[in-house]
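The block underneath contains the structure these notes are about, expressed in structure tokens.
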There are 2 protein chains.
Amino acid sequence: MTHKTPKKQYHHGNLRQQLLDTAAVLIREDGEPALSMRKLAEKLGVSRMAPYHHFEDKEALLCGVAEAGFERFMHSVMAVATDLNALEVTPYSKDHLCLFVTTYLNFATQHPEYYNLMFGGHLWQSTTITDSLRDAGHAAFRSYVDMIRAWKNADAINPAVDPLRFAQLSWSTLHGMSRLFIDGIYVDEGVLTHLCHTATDSFWAQLHG
Amino acid sequence: MTHKTPKKQYHHGNLRQQLLDTAAVLIREDGEPALSMRKLAEKLGVSRMAPYHHFEDKEALLCGVAEAGFERFMHSVMAVATDLNALEVTPYSKDHLCLFVTTYLNFATQHPEYYNLMFGGHLWQSTTITDSLRDAGHAAFRSYVDMIRAWKNADAINPAVDPLRFAQLSWSTLHGMSRLFIDGIYVDEGVLTHLCHTATDSFWAQLHG
DNA sequence: AACGCAAACTTGACGGTGTCAAAATAGCGG
DNA sequence: CCGCTATTTTGACACCGTCAAGTTTGCGTT
């Protein structure tokens, strides 16, 4: 008979998870390029090579962090979708759309340490990107397209709209806005909320033109 | 009386410029993170510290490369603007708009080594970004807003459109598309041209709604 | 023509990085 | 208790950015 859960199964315990969490914290504090495996290991009171038993190399670790980011991201979006009623937002309305837009940008600007890895070129251009990360990314996009298809199936938008095409363009806009704010090219907080509304207007027009 | 131009003013000659050019080449080949000052110096047959006489540190060098990118970028955009007649594109037409969109994306996708530095977070988030680079970036955006103002002054768009607001949103879209293609998240070449047209349609609608 | 001087370049050294290889240790099933 | 595997450690290496101090070069002045 095995123990129910091997709580502390070794010297340190649940390293792997702590590596992911602490890496995210360190990246948030000092930026991704400043993260070093050695400092990360030291922060967890473990020798420099210990992390390599849980992640093949630094990039694999970052892929893991990005994957965790996708989990959080999906959770955020799902949460808003289910809380529509509680928020007194009527489905398929412009407010609904705006809520989605602001949710996306809030995640991006409030969790840049995740967003950068999730949608940055560093990992996606790399030849060693994890299969699971690639899947998570594709799944996220697919669920976005599915969301638009749902609008279409509910006769909430112009039937001539191509969901895939609209998804590609609108995601580009959301992604571009996110990047410009995260990268500090756009700075003003007020501009953000205003831009969210302008973007929503544009999306709404595309969906009903 | 000084010489008109000090052609070969020292051992090596016009290093500074070769540093900028070769750095761009190396980044294009292996990506920005793979660029090292030492390899760059060696490639030019010069000792490792030589570059530091022309650029304070690695980041300053990258700022220089980015600045060169802005020059090329502005040149590309200007060239299209002046060649409108030769290309048989009537000013302020939808084709005109589409031409601008494709020009932007062509630059981004064909010169990622410059685009990444010009509009990437690496330099803009850094506290040590060069003043001249900052100026170049702002100038580029300002000239974009001015272009839209010109359309407005020519009564070519809906007078209710706020040029700054439209510039921010449309630039976000262009930037987002560029990033997604450069980062290899969107891959298909055909999708690019199609997305350019979809984006143009959206912009056109915003300008004439 | 000689000199001086500043600009351009080199060499040595230091602390930091990712990670390969091999040794050490811990915990669990038999 | 033994042995086996999962986990962690230590040593070593090549590479990186760059500070400090030395060396070369070429031009302007005398």
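Just so it is clear: chains get the letters A, B, ... in the order the sequence lines come, proteins before strands, and each one is counted from 1. Since the model is a prediction, treat every value here as computed from it, not as a measurement.
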### Query
Between C:dG18, C:dC9, D:dT9, which nucleotide has the shortest distance from any of its atoms to the side chain of A:M49?
D:dT9
### Query
Between the base of D:dG17 and the side chain of B:R38, is there any donor-acceptor pair under 3.5 Å?
yes
### Message
Ignoring hydrogens and geometry beyond distance, is a side-chain donor-acceptor pair present between B:N116 and B:R179 at under 3.5 Å?
### Response
yes
### Whole-Å gap separating P (C:dA8) and CD (B:Q18)
15 Å
### Task
In whole angstrom, give the distance that lies between atom CG of A:D57 and atom C1' of D:dC15.
16 Å
### Task
Using atom CZ of B:F55 as one end and atom C1' of C:dC9 as the other, report the distance to the nearest whole Å.
16 Å
### Message
Is the phosphate of C:dC9 approached by B:H54 (side-chain N or O, under 4.0 Å from OP1 or OP2)?
### Response
yes
#### Entry: Integer-rounded Å distance: C:dT11 P and B:Y52 OH
16 Å
### Query
Just checking A:S47: base, sugar-phosphate only, or nothing, at a heavy-atom cut-off of under 4.0 Å?
base
### Message
Rounded to whole Å, how long is the line connecting atom CD of A:E42 with atom C1' of C:dG16?
### Response
12 Å
### Task
Calculate the interatomic distance between B:L62 atom CG and D:dT18 atom C1'; express it in whole Å.
15 Å
## Note on the structure
Taken to the nearest 0.5 Å, the spacing of B:S170 OG from B:I148 CD1 works out to 5.0 Å
### Query
Nearest-Å distance, CG (A:L19) to P (D:dT7)?
12 Å
### Message
What's A:M37 touching, base or sugar-phosphate or nothing? Going by heavy atoms closer than 4.0 Å.
### Response
sugar-phosphate
### Gap between atoms CG and C1', on A:N14 and D:dT7 respectively (whole Å)
14 Å
### Task
Report yes if a side-chain nitrogen or oxygen of A:H53 is closer than 4.0 Å to either non-bridging phosphate oxygen (OP1 or OP2) of D:dT8; otherwise report no.
no
### Message
Using a 4.0 Å heavy-atom cut-off, does B:L35 contact any base of the nucleic acid, only the sugar-phosphate backbone, or nothing at all?
### Response
sugar-phosphate
### Message
I want to verify a distance call: between C:dT10, D:dT10, D:dG17, whose nearest atom is closest to the A:R48 side chain?
### Response
D:dT10
#### Entry: Backbone of A:A140 reached by a side-chain donor or acceptor of A:S143 within 3.5 Å
yes
### Query
To the nearest 0.5 Å, what is the distance between CG (A:D135) and OG1 (A:T130)?
10.0 Å
### Query
Are side-chain heavy atoms of A:V89 and A:S93 found at a separation under 4.5 Å?
yes
